[in-house]
Novice: 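The structure's right below; bear with me while I get my questions together.
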Amino acid sequence: MASIYDRHVDFPTFMEGVKRRNPGQPEFVQAVQEVAQDIFSFIEDKEEYHAAQILRRIAEPDRIVSFRVCWEDDNHNVRVQRGWRVQCNNAIGPYKGGIRFHPSVTEGTLKFLAFEQTFKNSLTGLPMGGGKGGANFNPKGKSDAEVMRFCQAFMTELYRHIGPDTDVPAGDIGVGAREIGYMFGQYKRITNRWEGVLTGKGTEYGGSKMRPEATGYGAVYFMQNMLKHAGNDVAGKTAIVSGSGNVATHAAEKLTQLGAKVLTLSDSGGFIHDPEGLNQEKIDWIKHLKNVKRGRISEYADHFTGSSFHADKRPWDVPCELALPCATQNELNEEEARELVANGVIAVSEGANMPTTLDGVKVFHDAHTLYAPGKAANAGGVAVSGLEMSQNSERISWNHERLGQMLTELMEGIHEKCVEYGTSEGGYVDYVRGANIAGFKKVADAMLAFGVM
Ligand code: NAP
């Protein structure tokens, strides 16, 4: 009988071990399974990876720090939350990955995100390892003062575990410019050091131009590269986007700039459908609604005539040619993927992390839809974060044009790597396989160089 200690353990036995060692963490198991199924066939004849148990080691984070975050709300009630930092792998550079504040956050969520981040960061070609952090804190409905006190309490513990050459967090769901500002200020106060310990900072204090746009724009550039490779284009296509946060609004913005018609956006309350399509004025209105007024997407339908709001629904049954899930994990299931395919979707580019379930991904593959997984498609954000780190180290600030050009080239480079490792005999590009293998190889080869640790 196969054991996990066998050098040539097979895929089902490997996954049994992952499930057993990570009880109650289905998203982490899902993320490992999605990567491992491709890596197993890639390393089949590569003894060095088996002997060093590389995959088993990558699927075990270097460390997880879990801590209490205690703060006081505006009514002087003492509140207790749980915070984490998952440092997954630093073989090719300091740990790097966002911080998520959302009531649904668990250790398992952050393990899945840190694991994905390891491969994504490797794909960018920049020297960044994989990490992720967060807390089960809900910034929604909190005053600015409450968010500030929470962020300061969170950083009061986190600061011991991070540093510009150790671990460099950034934003994610629920952590935008406001939260990064509060956390960076607290780090600086505690350590008395100004250093590039967080990315996504305001441009007044060391942030990079193009960082807010980078993830959404990058996901559209990746889609553009896929379409170009298949002899097609974004211009003139209908598109649906989910979410209405940082990634979704910037994806919608770039799509409209490139001549696509964006029909939807959403939040956890439902989605809006605008048959006329969004334009820059409408997108700016949504950015203000979400970032300044902290309102709900349903308000769009009250404001713009001709549009409608669909409560508690997701946008995937709206016919379109391009689809960009940009909200959260597992927001697009098998049935919804079938509906998209039946309605003629040509390309799917994931702005969010793991938004499509494993069954949904299979539907896209079976239909030969151009399908880009988040670890490739949304890597533009962390890539520009990597460039923010470089600018901070050099104490300089690059201009918009230069960074825009670098982002375009980085996304082209990631696309090329996916094509190199993901093209099958018939010419169909399996972007999941391409991204998994290209991302794995660099990390695995670095780990081999270090020996057993
Ligand atoms: P954000 O600005 O906080 O926006 C998140 C959006 O997703 C909001 O519209 C939110 O709606 C919606 N959402 C969150 N949880 C949801 C749920 N359970 N069901 C339905 N909608 C939900 O976050 P973001 O930075 O755009 O991140 C979005 C996704 O992109 C995440 O998967 C993140 O990991 C990924 N990502 C982000 C970056 C980046 O640079 N920001 C980089 C790479 C990947 P509500 O307001 O109703 O919660």
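For reference, positions follow the sequence shown, starting with 1.
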Novice: Got a sec, which pairs hit salt bridge (Lys or Arg N to Asp or Glu O under 4.0 Å) with one end in residues 398-418, sequence neighbours left out?
Specialist: none
Novice: Looking only at atom types and distance, does a side-chain atom of T156 sit under 3.5 Å from a main-chain N or O of Q152, one as donor and one as acceptor?
Specialist: yes
Novice: Do side-chain atoms of E116 reach the backbone of L113 as a donor and acceptor pair under 3.5 angstrom?
Specialist: no
Novice: Return yes when atom CD of E394 has more than 12 non-hydrogen atoms of other residues, nucleotides or ligands closer than 6.0 Å, and no otherwise.
Specialist: yes
Novice: side-chain hydrogen bond (donor to acceptor under 3.5 Å, both in side chains), that's the test. Do N399 and K209 meet it? Break it down for me.
Specialist: CA-CA 7 Å; N399 66 28; K209 298 190 180 72; over 6 Å; no
Novice: Regarding E331 and S242, is there a side-chain donor-to-acceptor distance under 3.5 Å anywhere?
Specialist: yes
Novice: Check whether any side-chain N or O of N333 sits under 3.5 Å from a backbone N or O of E336 as a donor-acceptor pair, and report yes or no.
Specialist: yes
Novice: Going by atom types alone, do E213 and N246 pair a side-chain donor with an acceptor below 3.5 Å?
Specialist: no
Novice: Salt bridge (Lys or Arg N to Asp or Glu O under 4.0 Å): which pairs involve residues 245-261, sequence neighbours left out?
Specialist: E253-K287
Novice: Which heavy atom of S349 sits nearest a heavy atom of M223, and at what distance?
Specialist: N-CE, 3.6 Å
Novice: Looking just at side-chain N and O atoms, do R433 and S424 make a donor-acceptor pair shorter than 3.5 Å?
Specialist: no
Novice: Please tabulate, one pair per line, all N/O donor-acceptor pairs under 3.5 Å involving side-chain atoms of residues 376-390, not counting sequence neighbours.
Specialist:
| unit_1 | atom_1 | unit_2 | atom_2 | d |
| --- | --- | --- | --- | --- |
| N378 | OD1 | K120 | NZ | 2.6 |
| N378 | ND2 | G351 | O | 3.0 |
| N378 | ND2 | A352 | O | 3.0 |
| N378 | ND2 | N353 | OD1 | 3.2 |
| N378 | ND2 | G374 | O | 3.3 |
| S385 | OG | T199 | OG1 | 2.8 |
| S385 | OG | R211 | NE | 2.8 |
| E388 | OE1 | G200 | N | 2.9 |
| E388 | OE1 | S208 | N | 3.4 |
| E388 | OE2 | G200 | N | 3.2 |
| E388 | OE2 | K201 | N | 3.3 |
| E388 | OE2 | K201 | NZ | 2.8 |
| S390 | OG | G386 | O | 3.2 |

Novice: Does any N or O in the side chain of S244 come within less than 3.5 Å of the main-chain N or O of S266, such that one atom is a donor and the other an acceptor?
Specialist: yes
Novice: For residues V105 and N136, report the shortest heavy-atom separation together with the two atoms involved.
Specialist: O-CB, 3.8 Å
Novice: Does atom NZ of K442 have more than 12 heavy-atom neighbours from other groups under 6.0 Å away?
Specialist: yes
Novice: Is a side-chain donor-acceptor pair under 3.5 Å present for Y95 with Q117?
Specialist: no
Novice: To the nearest 0.5 Å, how far apart are CZ in R178 and CD1 in I180?
Specialist: 12.0 Å
Novice: Applying ring-ring contact (aromatic ring centres under 6.0 Å, His included), which residue pairs with at least one partner in residues 238-281 are found, sequence neighbours left out?
Specialist: F271-H310
Novice: Please give me the minimum heavy-atom distance between Y182 and C151, naming the atom from each residue.
Specialist: CB-CB, 3.6 Å
Novice: If you measure from CD on Q280 to OG1 on T256, what distance do you get to the nearest 0.5 Å?
Specialist: 6.0 Å
Novice: Hey, are D167 and Q87 close enough side-chain-wise for a donor-acceptor pair under 3.5 Å?
Specialist: yes
Novice: Do other residues, nucleotides or ligands put more than 12 heavy atoms under 6.0 Å from the CZ atom of R82?
Specialist: no
Novice: For the residue pair F184 and W194, does the interplanar ring angle fall in the parallel (under 30°), tilted (30 to 60°) or perpendicular (over 60°) class?
Specialist: perpendicular
Novice: Among all residues two or more places apart in sequence or in another chain, which pass the side chain to side chain donor-acceptor pair (under 3.5 Å) test with H303?
Specialist: W285
Novice: Mind checking what makes salt bridge (Lys or Arg N to Asp or Glu O under 4.0 Å) contact with E34, not counting sequence neighbours?
Specialist: K375
Novice: Sub-3.5 Å donor-acceptor pair from the side chain of N89 to the main-chain atoms of G129, do we have one?
Specialist: no
Novice: Does F137 have its ring centroid less than 6.0 Å away from the ring centroid of W71?
Specialist: yes
Novice: Is a donor on one side and an acceptor on the other found under 3.5 Å between the side chain of E321 and the backbone of A347?
Specialist: no
Novice: Verify, without hydrogens or angle tests, whether T356 (side chain) and L332 (backbone) share a donor-acceptor contact under 3.5 angstrom.
Specialist: no
Novice: Holding to salt bridge (Lys or Arg N to Asp or Glu O under 4.0 Å), I want the full list of residues that pass it with R79, two or more places apart in sequence or in another chain.
Specialist: D73
Novice: Please identify each residue that fulfils side chain to side chain donor-acceptor pair (under 3.5 Å) with E420, with sequence neighbours left out.
Specialist: none
Novice: Side chain to side chain contact (heavy atoms under 4.5 Å, CB included) for W398 and M210? Distances and angles first, verdict last.
Specialist: CA-CA 10 Å; W398 298 333; M210 281 304 291; over 6 Å; no
Novice: To check you understand the geometry: which heavy-atom pair defines the closest contact between E107 and W84, and what is its length?
Specialist: OE1-NE1, 3.3 Å
Novice: Which atom pair, heavy atoms only, marks the closest approach of N436 to F119?
Specialist: O-CD2, 4.2 Å
Novice: If you look only at pairs with a residue in residues 263-278, which of them pass as a salt bridge (Lys or Arg N to Asp or Glu O under 4.0 Å), with sequence neighbours excluded?
Specialist: D267-K290, D267-R296, D274-K282, E276-K282
Novice: For the residue pair F40 and F11, categorise the inter-ring angle as parallel (less than 30°), tilted (30 to 60°) or perpendicular (more than 60°).
Specialist: perpendicular
Novice: Check salt bridge (Lys or Arg N to Asp or Glu O under 4.0 Å) between D74 and all other residues, then give those that pass, not counting sequence neighbours.
Specialist: R149
Novice: The test is side chain to side chain contact (heavy atoms under 4.5 Å, CB included); show your working for V348 and F364 and say whether it passes.
Specialist: CA-CA 9 Å; V348 179; F364 292 137; 3.8 Å; yes
Novice: Would you list the pairs meeting salt bridge (Lys or Arg N to Asp or Glu O under 4.0 Å) in which at least one residue belongs to residues 338-364, sequence neighbours left out?
Specialist: E334-R338, K362-D366
Novice: Show me the side-chain donor-acceptor pairs of residues 224-232 shorter than 3.5 Å, one per line, residues at least two apart or across chains.
Specialist:
| unit_1 | atom_1 | unit_2 | atom_2 | d |
| --- | --- | --- | --- | --- |
| N225 | ND2 | Y221 | O | 2.9 |
| N232 | OD1 | K237 | NZ | 2.8 |

Novice: Checking the side chain of E179 only, and the main-chain atoms of G176 only, is there a donor and an acceptor separated by less than 3.5 Å?
Specialist: yes
Novice: Take R85 and I99 through the test side chain to side chain contact (heavy atoms under 4.5 Å, CB included) and record every step on the way to the result.
Specialist: CA-CA 8 Å; R85 186 70 186 165; I99 291 177; 4.0 Å; yes
Novice: Of the options V363, I240, T369, which is the one that meets L340 in a side chain to side chain contact (heavy atoms under 4.5 Å, CB included)?
Specialist: I240
Novice: Where do F28 and F115 land on the side chain to side chain contact (heavy atoms under 4.5 Å, CB included) test, with the steps shown first?
Specialist: CA-CA 8 Å; F28 178 67; F115 180 80; 4.0 Å; yes
Novice: Among L55, L123, V35, T118, find the one that has a side chain to side chain contact (heavy atoms under 4.5 Å, CB included) with F440.
Specialist: L55
Novice: So which heavy atom on P61 is nearest to which on V86, and how close?
Specialist: CB-CG1, 4.0 Å
